[in-house]
Amino acid sequence: MIDDWASLTGGSPAALATGAELIARWSEPHRRYHTLGHLAAVLAALDGLAGEARDETAVRLAAWFHDAVYDGRPGWDEERSAQLAQARLPRCGVPAGRVAEVARLVRLTAAHDRVEAGDRDGAVLCDADLSVLGTSGYDAYAAAVRREYAHVTDALFAEGRSQVLRRLLATPVLFRTERARELWEERARANMTAELTALAAAQPGGDQTP
């Protein structure tokens with residue numbers, strides 16, 4: 001994985017040190033879903049969307065930073081991650097304009113529905129970030145998300161998670177690029193619908209029929 005980072009930033013001591021720092025951050029023991037595995041999956045999804053972005057280097061750098069700070073505080077985590085990118089990338093030799101674009105993209109991942117029409121870089125990053133919804137790894141992803149919220153009761157988690165799933169399912173399209181829709185849209189909707197059904201059945205008064 002460090003080879004991917006080096007291909008984006010070069011092999012300067014500062015760049016290699018920053019790459020090592022990012023891998024250490026993604027490897028923090030409190031993480032359950034937002035791990036190196038998630039980073040690798042997003043980078044692989046970006047490979048599948050090659051040619052869709054305007055600045056593919058900026059998008060891949062944003063993938064490296066988008067959950068680099070993770071304390072389970074939506075919005076705050078993305079803002080701190082963007083600030084980290086702004087602090088680290090200049091010393092890696094990344095031009096100021098690209099640093100600003102990376103920070104903007106990282107902030108977009110706090111709420112994927114803020115991507116504006118024509119924002120190719122934002123669309124590609126958000127599609128890659130959500131790609132797990134349309135893969136065979138969905139059940140493992142959902143279980144990992146639950147473990148990240150182990151401090152929340154089952155009832156409260158089910159309520160909050162169900163709201164998220166319903167909001168996503170209500171959108172006309174989950175993915176913004178045509179290629180991502182071809183790859184993941186249909187299966188993502190089936191996966192989320194199945195999880196939503198399971199959450200409802202597990203609630204008091206839910207359908208407990210085997």
A.B. asks: Looking at side-chain heavy atoms only, is the closest gap between Leu43 and Asp47 below 4.5 Å?
C.D. replies: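 No, every pair of side-chain atoms sits at 4.5 Å or beyond.
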A.B. asks: Tell me the ring pair (Phe, Tyr, Trp, His ring centres under 6.0 Å) pairs involving residues 162-199, sequence neighbours left out?
C.D. replies: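 Passing the test, one end in residues 162-199: Phe175-Trp184.
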A.B. asks: Which pairs with one or both residues in residues 68-108 pass ring pair (Phe, Tyr, Trp, His ring centres under 6.0 Å), sequence neighbours excluded?
C.D. replies: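 For residues 68-108, and leaving out neighbouring residues, the ring pair (Phe, Tyr, Trp, His ring centres under 6.0 Å) pairs sorted by first residue read His34-Tyr70.
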A.B. asks: Determine, step by step, whether Glu56 and Arg60 satisfy the salt bridge (charged side-chain N to carboxylate O under 4.0 Å, His left out) criterion, reporting the C-alpha distance in whole Å, the side-chain angles of both residues, the deciding distance to 0.1 Å, and the verdict.
C.D. replies: CA-CA 6 Å; Glu56 293 191 2; Arg60 291 189 80 86; over 6 Å; no
A.B. asks: Without swapping roles, check the side chain of Asp67 against the backbone of Trp26 for a donor-acceptor pair under 3.5 Å.
C.D. replies: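 No, Asp67 side chain to Trp26 backbone: no donor-acceptor pair under 3.5 Å.
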A.B. asks: Within the distance-only criterion (no hydrogens, no angle test), does the side chain of Thr193 pair as donor or acceptor with the backbone N or O of Ala190 below 3.5 angstrom?
C.D. replies: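 Not a single qualifying donor-acceptor pair exists.
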A.B. asks: Which atom names give the shortest non-hydrogen contact between Leu36 and Ser27, and what distance separates them?
C.D. replies: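 Looks like CD1-OG, 3.2 Å.
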A.B. asks: Are any side-chain N or O atoms of Glu148 and backbone N or O atoms of Gly72, one a donor and one an acceptor, separated by less than 3.5 Å?
C.D. replies: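 The answer is no, because no donor-acceptor pair under 3.5 Å joins these two groups.
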A.B. asks: Any side-chain heavy atom of Arg107 sitting closer than 4.5 Å to one from Arg104?
C.D. replies: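 Sidechains of Arg104 and Arg107: no contact.
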A.B. asks: Rounded to the nearest 0.5 Å, what's the gap from NE2 on His66 to NE2 on His38? Could you check?
C.D. replies: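 Going from NE2 on His66 over to NE2 on His38, the span is 3.0 Å.
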A.B. asks: Do you know which two heavy atoms are closest between Cys126 and Arg176, and how far apart they sit?
C.D. replies: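 What the structure gives for the nearest pair is CB-NH1, 4.2 Å.
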A.B. asks: Test of understanding: with side chain to side chain donor-acceptor pair (under 3.5 Å), list the residues that count as partners of Thr177, not counting sequence neighbours.
C.D. replies: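 Side chain to side chain donor-acceptor pair (under 3.5 Å) list for Thr177, sorted by chain: Asp127.
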A.B. asks: Using ring pair (Phe, Tyr, Trp, His ring centres under 6.0 Å) as the criterion, list what pairs up with Tyr138, not counting sequence neighbours.
C.D. replies: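 Applying ring pair (Phe, Tyr, Trp, His ring centres under 6.0 Å) to Tyr138 gives Tyr141.
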A.B. asks: Hey, are the side chains of Val69 and Gln83 touching, using non-hydrogen atoms and a 4.5 Å cut-off?
C.D. replies: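 Result no, sub-4.5 Å side-chain heavy-atom pair not found.
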A.B. asks: Checking Arg91 against Ser12 for the side chain to side chain contact (heavy atoms under 4.5 Å, CB included) test, could you report, in this order, the C-alpha distance in whole Å, the side-chain angles of both residues, the deciding distance, and whether it holds?
C.D. replies: CA-CA 9 Å; Arg91 67 181 67 170; Ser12 72; over 6 Å; no
A.B. asks: Quick one: side chain to side chain contact (heavy atoms under 4.5 Å, CB included) partners of Ala110, sequence neighbours excluded?
C.D. replies: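 With sequence neighbours excluded, Ala110 shows a side chain to side chain contact (heavy atoms under 4.5 Å, CB included) to Glu78, Arg114, given in chain and number order.
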A.B. asks: In Å, rounded to the nearest 0.5 Å, how long is the span from CG of Leu183 to CZ of Arg179?
C.D. replies: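 If I round to the nearest 0.5 Å, the distance is 4.0 Å.
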A.B. asks: Quick one: closest heavy-atom pair of Pro74 and Asp77, and the distance?
C.D. replies: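 Heavy atoms of Pro74 and Asp77 come nearest at N-OD2, 4.4 Å.
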A.B. asks: Who passes side chain to side chain contact (heavy atoms under 4.5 Å, CB included) against Arg166, sequence neighbours left out?
C.D. replies: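 Ser162, Leu196.
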A.B. asks: Check this for me: Glu186, atom CD, are more than 12 non-hydrogen atoms of other residues, nucleotides or ligands nearer than 6.0 Å?
C.D. replies: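 Not more than 12 within 6.0 Å, no.
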A.B. asks: List the atom pairs, donor and acceptor, that lie under 3.5 Å between side-chain atoms in residues 149-159 and the rest of the protein, sequence neighbours left out.
C.D. replies:
{"unit_1": "Thr153", "atom_1": "OG1", "unit_2": "Leu156", "atom_2": "N", "d": "3.2"}
{"unit_1": "Asp154", "atom_1": "OD1", "unit_2": "Arg146", "atom_2": "NH2", "d": "2.8"}

A.B. asks: Can you list everything that forms a side chain to side chain contact (heavy atoms under 4.5 Å, CB included) with Ala85? Sequence neighbours excluded, please.
C.D. replies: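 By the side chain to side chain contact (heavy atoms under 4.5 Å, CB included) rule, Ala85 matches Phe65, Leu89, Val102.
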A.B. asks: Between Thr35 (side chain) and Arg32 (backbone), is there a donor-acceptor pair under 3.5 Å?
C.D. replies: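 Looks like no, no N/O pair under 3.5 Å.
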A.B. asks: List in chain and number order the residues that pass side chain to side chain donor-acceptor pair (under 3.5 Å) with Arg98, two or more places apart in sequence or in another chain; answer none if no residue qualifies.
C.D. replies: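 Residues passing side chain to side chain donor-acceptor pair (under 3.5 Å) with Arg98: Asp55.
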A.B. asks: Say you draw a straight line from CD of Glu116 to CG of Leu108; how long is it, rounded to the nearest 0.5 Å?
C.D. replies: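 Rounded to the nearest 0.5 Å, the CD-CG separation comes to 8.5 Å.
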A.B. asks: Can any side-chain N or O of Thr9 pair as donor or acceptor with the backbone N or O of Trp5 at less than 3.5 Å?
C.D. replies: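 It does hold such a pair.
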A.B. asks: Do Val59 and Leu49 make a side-chain contact, defined as non-hydrogen atoms from C-beta onward lying under 4.5 Å apart?
C.D. replies: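 Sidechains of Leu49 and Val59: no contact.
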A.B. asks: Do Leu133 and Leu169 sit in the same hydrophobic cluster, where Ile, Leu, Val, Met, Phe, Trp and Tyr count as joined when their side-chain heavy atoms come under 4.5 Å apart?
C.D. replies: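 Leu133 clusters together with Leu169.
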A.B. asks: Supply the atom-to-atom distance Arg88 CZ to Leu22 CG, rounded to the nearest 0.5 angstrom.
C.D. replies: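 One gets 8.5 Å once the value is rounded to the nearest 0.5 Å.
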A.B. asks: Taking side chain to side chain donor-acceptor pair (under 3.5 Å) as the definition, give me every residue that meets it alongside Glu52, ordered by chain and number, with sequence neighbours left out.
C.D. replies: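 For Glu52, no residue satisfies side chain to side chain donor-acceptor pair (under 3.5 Å) once neighbours in sequence are set aside.
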A.B. asks: What distance do Leu105 atom CG and Asp119 atom CG have between them, rounded to the nearest 0.5 Å?
C.D. replies: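 Going from the CG atom of Leu105 to the CG atom of Asp119 covers 6.5 Å.
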A.B. asks: Tell me the closest heavy-atom pair linking Ala103 and Ala82, and the distance in Å.
C.D. replies: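 For Ala103 and Ala82, the tightest heavy-atom pair comes out as O-CB, 3.7 Å.
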A.B. asks: Short question: side chain of Arg147, backbone of Tyr33 - any donor-acceptor pair under 3.5 Å?
C.D. replies: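 No; judged by distance alone, with no hydrogens or angles, the pair does not exist.
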A.B. asks: Quick one: closest heavy-atom pair of Ala14 and Cys92, and the distance?
C.D. replies: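 So the minimum-distance heavy-atom pair works out to O-SG, 4.0 Å.
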A.B. asks: Can you list everything that forms a side chain to side chain donor-acceptor pair (under 3.5 Å) with Asp121? Sequence neighbours excluded, please.
C.D. replies: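 Listed in chain order: Arg54.
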A.B. asks: Return the minimal non-hydrogen interatomic distance between Ser81 and Ala68, and the atom names on each side.
C.D. replies: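 Looks like OG-N, 3.5 Å.
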A.B. asks: Give a yes or no on whether the backbone of Leu125 and the side-chain of Asp129 come within a donor-acceptor separation of less than 3.5 Å.
C.D. replies: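 Not at all, since once roles are kept as given, no pair shorter than 3.5 Å links the two residues.
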A.B. asks: Going by salt bridge (charged side-chain N to carboxylate O under 4.0 Å, His left out), name the residues that satisfy it together with Glu185, two or more places apart in sequence or in a different chain.
C.D. replies: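 Checked Glu185 against salt bridge (charged side-chain N to carboxylate O under 4.0 Å, His left out); matches are Arg189.
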A.B. asks: Is there a side chain to side chain contact (heavy atoms under 4.5 Å, CB included) between Arg181 and Glu178? Walk through the geometry before answering.
C.D. replies: CA-CA 5 Å; Arg181 289 194 293 273; Glu178 182 177 353; 3.8 Å; yes
A.B. asks: Under 4.5 Å between side-chain heavy atoms, hopping through other hydrophobics if needed: is there a path connecting Leu16 to Leu39?
C.D. replies: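 The answer is no; the residues belong to distinct hydrophobic clusters.
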A.B. asks: Taking the side chain as every heavy atom from C-beta outward, state whether Arg161 and Val145 have any pair of such atoms under 4.5 Å apart.
C.D. replies: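 Of all side-chain heavy-atom pairs linking Val145 with Arg161, at least one is under 4.5 Å.
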A.B. asks: Check the hydrophobic clustering (I, L, V, M, F, W, Y; side-chain heavy atoms under 4.5 Å; chains of links allowed) and say if Val115 and Val164 are grouped together.
C.D. replies: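 In one cluster: yes.
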A.B. asks: Evaluate the criterion side chain to side chain contact (heavy atoms under 4.5 Å, CB included) for residue pair Trp64 and Ile23; output intermediate values, then yes/no.
C.D. replies: CA-CA 9 Å; Trp64 273 90; Ile23 287 177; 3.9 Å; yes
A.B. asks: Any link between Leu84 and Ile2 through a network of hydrophobic side chains (Ile, Leu, Val, Met, Phe, Trp, Tyr) touching at under 4.5 Å?
C.D. replies: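 Yes, one cluster joins them.
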